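To start, the structure under review is shown below, and the notes come after it.
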Amino acid sequence: MTGVEVSLRGLHRRYGSVVALDGLDLTLAPGELVALLGPSGCGKTTTLRLLAGLEDADGGQVTVAGADITHVPSNKRGMGMVFQAYSLFPHMTVRDNVAFGLKLRRAARAERDRRAMEMLELVGLTEQAGRYAHQLSGGQQQRVALARALAISPKVLLLDEPLSALDAKVRAQLRDEIRRIQLEVGTTTLFVTHDQEEALAIADRVGVMRDGRIEQLGTPTDIYSRPATSFVAEFVGLTNRLHGTVAAGSVNVRGCVLPLADPATPDGQATVLVRPEAVTVVPSGPLTGTVIAVTFLGASSRITVDLGDTTVLAQLPTSEATALPAGSAVALTIRPDPVLVA
Amino acid sequence: MTGLHARRRRRVNAFRYVVFTVFGLFFLLPLLAMIRFSLEGSTGGSWSLSSWGQIASYAGPPPLLSGVEITLELAVITCLVVLALLVPTVIWVRLRVRWMTRLVEALCLLPLTIPAIVLVVGLAPIYRVIRQQFSLSALQLFWVYAVLALPYAYRALAAGLEGVDVKTLSEAARSLGAGWFTVIWRVIVPNMRQGVLNAMLLTGALVLGEFTIAYLLLYTNLQVTLFYVSRGTPNAGVLFSTSSAALLFAFVLLLILSYVGRARGRQSERSKVSK
Ligand SMILES: Nc1ncnc2c1ncn2[C@@H]1O[C@H](COP(=O)(O)OP(=O)(O)OP(=O)(O)O)[C@@H](O)[C@H]1O
Ligand SMILES: [Mg+2]
C-alpha cells in the first residue's frame, strides 16, 4: 500500500469567539510523514480532527488522493487514528481490538485473525493477543492502537500526541518504532506533537503552527537551522536574545561579527537570536562572564553565563562543562552561523 | 499511636454494627410479622398453611397464572422499552449535548415528583378514549410503567457511564468505520454492563410490585389478582399470604436476574485473567 496525497486548503474553524484555525493550508506528499508542531492551543488537534472528520470545518477544503472529502463523515473516510488518551475497547481482547475495523468491513473470520496477527507482529505484540487493555502497559496500549489503526489499511494515518502519556524512554523507543512502521507500510501520516525533539526526529517535514496557521513548513534541518521567523526559531530551540548592531549584511554582537540569515535586514540596532550550540567556550574571547548555573542534559550540558548586563546560554559537551562549576570565570565566542533578527 | 488507631477503628466498627442492626430490624420486623400472620391458624397463636393454600387453590376469575404471565411480560417489555429509549439518550447527551445533562436529568426525575394517583387522573381519560376505539390488553400498561421507571433507570445508566471515556472510544470506533448504531450498542454499551443490569433490576422491581395504576386503570396484573384473592375470602390471613407471595415472587426473580448478570460478569473477568 503506497501513500496518497492529502491536501488541506484554507481551513477555518472557530469555537465561539476563539479562532482555532485561520485559513490553514497544508499538503502532504504521498507516503510522507509530516509533524505538526506548535504551542498549546495553536490548533494542531483541530487540524487533525478536521482531517479525520471528527469535527466540521467552517470553511475550506480537504482532499485525499484528489477527491474532495470535506463533507464525508468520519466513518467513511478510511483513516487510521491514534489518540492521546488510551482508546482501546476495554471489553475486547487485543486481537479483537485490532480486528474490529475489519469486522465492520465484513472480512471473513480467518482473514481478520490473520491480518490482526500480522499487525500485532508489526508492533511486536503477538504474545499479548489474548489480553485485555487493562493488562497492558501504556506503551503497549498505544502500540495496539497503532496496529488497530493500520489494520484497516488506512489511506491516511493520524497521530495526536500518541506518546505524551508515556515516560521518556518508552517515548523515544516507540517514536522510532512508529517511524520504522510508517516507512514500512508507506502510509501518508500526520503526526501532532508539542515536543520539538519528537517532531524533528520523526518527520520528513515539520510544520510549525501558530494561531491557527502554519508559520513554516520544511524539513527538520530547514526548520532547525534556517527558521523563517523568530517565532519558529524560538520554538524549535532554546534561543539567546542578544543585542547587536546591523551593518552591511552582517551583525556585530558584542564583538562577534555574524552573517545574517536575511541580508535585507535594515541597518541599526537589533535583537539577534543565537542558539546555545553556537555559543562556545574559548581560552580567551570577545564575551567574558561568570558561570551561574550548569544543567546536565546527558551527553551535553548547558551553562548559564552572566555577562554583566545579560545572561547567555551555551551548550557544550558534558566533559567540558564539568570543568566549569558555578562561579568560575569563562570566555565565550559565537560561531559565525547565519543568524535571525527578531 | 497504633493503639489509638485500633481503638478508633473499633469504635467505627461498633458504630457500623449498631447502624446495620437498627436498620435491619426496621426492615425485617414488619416482613417477619407479615409472614407470621400469613401462617396464623384460626385461633390466635396457632400455626397453619391454610392462607397459603387458598392462593394455590384460587381458580379465578381471573386465574392467578394469567396475572403472573402478564406481570412478567410487562416487566420484560418495560425493560426493553426503557433501555431502547434511555441508553442512546444518555450516551448522546454525554457525547454531543453535554449542556443538556441537567435538563434531561430533571425531565427523567419528574415522574418521581408526581404521585401515582395524579398520574392516573391524567392517564385514565387517555386510556378511556383509546379504549372506545380499540381493545387494549393489559400489556399496554408498559407506556405508564416506562414513564415511572425513567428516574431509576436514568440514574443507573448515568452511573454506569461514569467511568467510560465515551468520547475517545466512540471517536476511535468511528474512525475505524463504525456507524452510530454500532458505536452505541457494540462499543459503549458493553462497557456499561453494570449500569444496564442495574437499570433492568430497578425497572423490573418496579413493574413486579406495581398495583395502584393497574388497579385504577382497570387492568389485572399479578398484584391486582392477589388483591382479588384476598378480597374474595373471609380469611384475613390471606391478605398477608398474598402480600408475602408478591414480595417473594419479586425478590426471587430479582435475585436470579442479578445473580445471572453477576455470574456472567465474573465469567468474562475470569477469561480476562486466564488468557
Ligand atoms: N471543543 C472545543 N470547544 C471550544 N474551544 C475549543 C474546542 N476545541 C478546541 N478549542 C479551542 O481551539 C483552539 C485550538 O485547540 P487545539 O485543541 O487544536 O489546540 P492544540 O494545538 O491541539 O493544543 P494542545 O497542544 O494543548 O493539544 C484552542 O484555543 C482551544 O481552546
Ligand atoms: Mg491537542
Side-chain angles (χ1 to χ4, degrees), chain A residues 45 48-49 51-55 73-107 127-136 141 144-145 147-160, chain B residues 83 87-88 90-92 94-100 157 159-199 261-275:
Chain A
T45 298
L48 200 83
R49 292 174 60 83
L51 181 48
L54 297 172
E55 210 89 47
S74 59
N75 59 334
K76 300 273 190 288
R77 288 197 183 189
M79 294 193 183
M81 187 148 180
V82 179
F83 297 81
Q84 178 173 3
Y86 298 136
S87 63
L88 295 189
F89 307 130
H91 63 294
M92 292 183 198
T93 60
V94 163
R95 188 196 292 106
D96 290 346
N97 260 286
V98 177
F100 184 77
L102 302 167
K103 202 166 170 185
L104 294 176
R105 283 163 179 72
R106 303 185 195 291
E127 307 269 293
Q128 279 78 11
R131 294 210 189 168
Y132 286 82
H134 68 99
Q135 297 168 316
L136 300 178
Q141 289 193 42
V144 176
R148 182 176 68 179
L150 288 171
I152 61 170
S153 308
K155 297 196 192 87
V156 186
L157 183 60
L158 306 172
L159 308 154
D160 188 4
Chain B
L83 288 182
V87 168
V90 286
I91 294 174
W92 200 252
R94 255 296 274 283
L95 215 52
R96 282 302 175 92
V97 279
R98 262 227 125 111
W99 54 271
M100 272 179 61
L157 291 175
L161 209 55
E162 210 55 33
V164 184
D165 185 352
V166 181
K167 185 160 182 276
T168 309
L169 290 187
S170 66
E171 284 177 355
R174 294 277 295 162
S175 74
L176 289 169
W180 282 114
F181 187 84
T182 310
V183 168
I184 289 178
W185 296 106
R186 278 170 59 191
V187 175
I188 309 295
V189 168
N191 288 302
M192 52 184 289
R193 259 199 47 240
Q194 195 58 50
V196 172
L197 191 70
N198 288 343
R262 204 95 47 75
R264 279 198 45 204
R266 254 205 310 279
Q267 199 177 16
S268 61
E269 277 306 312
R270 214 177 10 250
S271 69
K272 280 180 200 179
V273 176
S274 69
K275 281 179 194 168

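Since the model is a prediction, treat every value here as computed from it, not as a measurement. All values below were derived from every heavy atom in this structure, side-chain atoms included, with hydrogens, water molecules and symmetry-related copies excluded. Naming: A, B, ... by sequence-line order, numbering from 1 per chain.
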Against chain B, label Leu158(A) side chain, backbone, both or neither, depending on which of its atoms sit under 4.5 Å from a heavy atom there. neither

Counting heavy-atom pairs under 4.5 Å with chain B, which one of Ser87(A), Ala129(A), Gly101(A) comes out on top? Ser87(A)

Going by the salt bridge (Lys or Arg N to Asp or Glu O under 4.0 Å) test, which pairs reach into residues 75-100 of chain A, not counting sequence neighbours? none

Turns out that what part of Ala52(A) lies under 4.5 Å from chain B's heavy atoms comes down to neither

Rounding to 0.5 Å, atoms CG (Asn75(A)) and OG (Ser170(B)) come to a distance of 11.5 Å

Should Arg186(B) and Met92(A) count as side-chain neighbours, where that means a heavy-atom distance under 4.5 Å? no

When rounded to the nearest 0.5 Å, the distance separating CG of Asp160(A) from OG1 of Thr168(B) is 10.0 Å

Phe89(A) CZ to Asn191(B) CG distance, which is reported to the nearest 0.5 Å: 9.0 Å

Tell me, do Phe100(A) and Val187(B) make a side-chain contact under 4.5 Å, heavy atoms counted? yes

Just list the side-chain donor-acceptor pairs under 3.5 Å for residues 172-184 of chain B, sequence neighbours left out, or say none.
| from | atom 1 | to | atom 2 | distance (Å) |
| --- | --- | --- | --- | --- |
| Arg174(B) | NE | Ser74(A) | OG | 3.4 |
| Arg174(B) | NH1 | Ala178(B) | O | 3.4 |
| Ser175(B) | OG | Ala172(B) | O | 2.9 |

Start with the C-alpha distance between Glu171(B) and Arg49(A), add both sets of side-chain angles, then the distance that settles side-chain contact (heavy atoms from CB on, under 4.5 Å), and finish with yes or no. CA-CA 10 Å; Glu171(B) 284 177 355; Arg49(A) 292 174 60 83; 2.7 Å; yes

